[in-house]
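Just below is one structure, and these are the notes that go with it.
FYI, the numbering just counts along the sequence from 1. Read the numbers this way: they start at 1 and go in the same order the structure lists the ligands and their atoms.
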Amino acid sequence: MSKLSYLEVKNISIELGEFKLKDINLKVKKGDYLTIIGPTGSGKSILLETIAGFYKPKLGKIYLAGEDITNLPPEKRKMSIVYQDYMLFPHMTAFENIAYGLKKKIKSKEEIEKRIKEICEILNITHILKRNVKTLSGGEQQRVALARALVIEPEVLLLDEPFSALDVKTKENLRNLVKKAVKEYGTTVIHITHDFEDVWSLADRVAVMKGGGILQEGSVEEIFYKPSVNFVAEFVGTNVLKGEVIGKDENGLTLIKVGDTVVKSVDMGNGDVLISIRPEDVVVFYGEKRCKVKNIRRRGEVVEITLDLGGETLRSLLTPNMLKTLNVEDEVSISVDPNSVRIIKSLKQKISYKN
Ligand SMILES: Nc1ncnc2c1ncn2[C@@H]1O[C@H](COP(=O)(O)OP(=O)(O)O)[C@@H](O)[C@H]1O
Ligand SMILES: [Mg+2]
């Protein structure tokens, strides 16, 4: 069996009232970690639940390890699903919750206990196993839910915004634990999230959904640095600018004129091009003045600076410390690592860059 087609969603279409999933295609390799991102209502949960077997597609097939599982009931799919709101059995202890599904699959008491011990050690919940789950904190409850999902050693773990209800610190802790656990078991994961930190720290691949379809699927770097449509660029916060290739520098880097400024890129290209620049890769300083500060906005731990490069707009993310003296209407220079300036496409062929 080829590793490429381990979990394959092929031309899946589904109608639920007004909502449609349209011709979904996905291939997930064994042991890979796929995150699904996209706005609320784009069909992420419906797709996940279709993979889990809760919805029957109108068209299309789902394969796991080469086997057609499209018509298998959820309990026969070797998959586990974990939701944002834990969904634990409320009147049971943590141990009983974790053992519940496992007991149906395995009869040996020793094997059950061995498996539970193993996953609880990884997820660091051995000390709370006797507690009623109602008395546990959100982070503890979610670790119990994850243990319950992983203890049956599923082929595929499906996560629907599992960290959304947790505080930043607990989230970071759970991220690390999930990473460790799925690595240990070699589990293939599909994880819906709104948090790009999940994507950066967990994902091998990313799919971006909108309006019941997948707009782009790729590596984390491809999604963030080479968005294929405007919607993806905007959704992941990447700058997309028009530029013109004007030559090469002494190191072979491509020189691209953007508005009144020139940036360097590791990518090759010629003529009019569309380029992407991640906002966190733009450094702003007082130097040869070519850009104007149009807006300064505090965004949590960082500050977003909107710059006018002479017709083209570029956003930069800086630490607050860096801009104590920066004001709107100031003229500044920018510096961007050539590795962060990526040519998305040449505009010579008049390919439209639209959604
Ligand atoms: N069982 C259902 N029947 C009809 N419509 C549904 C059902 N479940 C969800 N929807 C609708 O389908 C759309 C996509 O839902 P969902 O997959 O939950 O979005 P997401 O998870 O991306 O936020 C939403 O507009 C939602 O209201
Ligand atoms: Mg959802």
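- For the pair Asp281 and Arg342, the salt-bridge criterion is not met [side-chain N within less than 4.0 Å of a carboxylate O].
- Arg290 and Asp260 are not joined by a salt bridge, as no carboxylate oxygen comes within less than 4.0 angstrom of a charged side-chain nitrogen.
- Remark: Arg115 engages Glu111 in a salt bridge, criterion side-chain N to carboxylate O under 4.0 Å.
- The Mg ion (ligand 2) has no N, O or S atom of Thr40 inside 2.8 Å of it.
- Among pairs with a residue in residues 186-197, those fulfilling salt bridge (Lys or Arg N to Asp or Glu O under 4.0 Å) read Lys171-Asp195, Arg175-Asp195, Arg175-Glu197, at least two apart in sequence or across chains.
- Side-chain contact between Cys120 and Ile98 is present, with at least one heavy-atom pair separated by less than 4.5 Å.
- Around ligand 1, the residues contributing at least one heavy atom under 4.0 Å from the ligand are Leu16, Phe19, Pro39, Thr40, Gly41, Ser42, Gly43, Lys44, Ser45, Ile46, Tyr55.
- With salt bridges taken as basic N to acidic carboxylate O contacts below 4.0 Å, none links Lys27 and Glu217.
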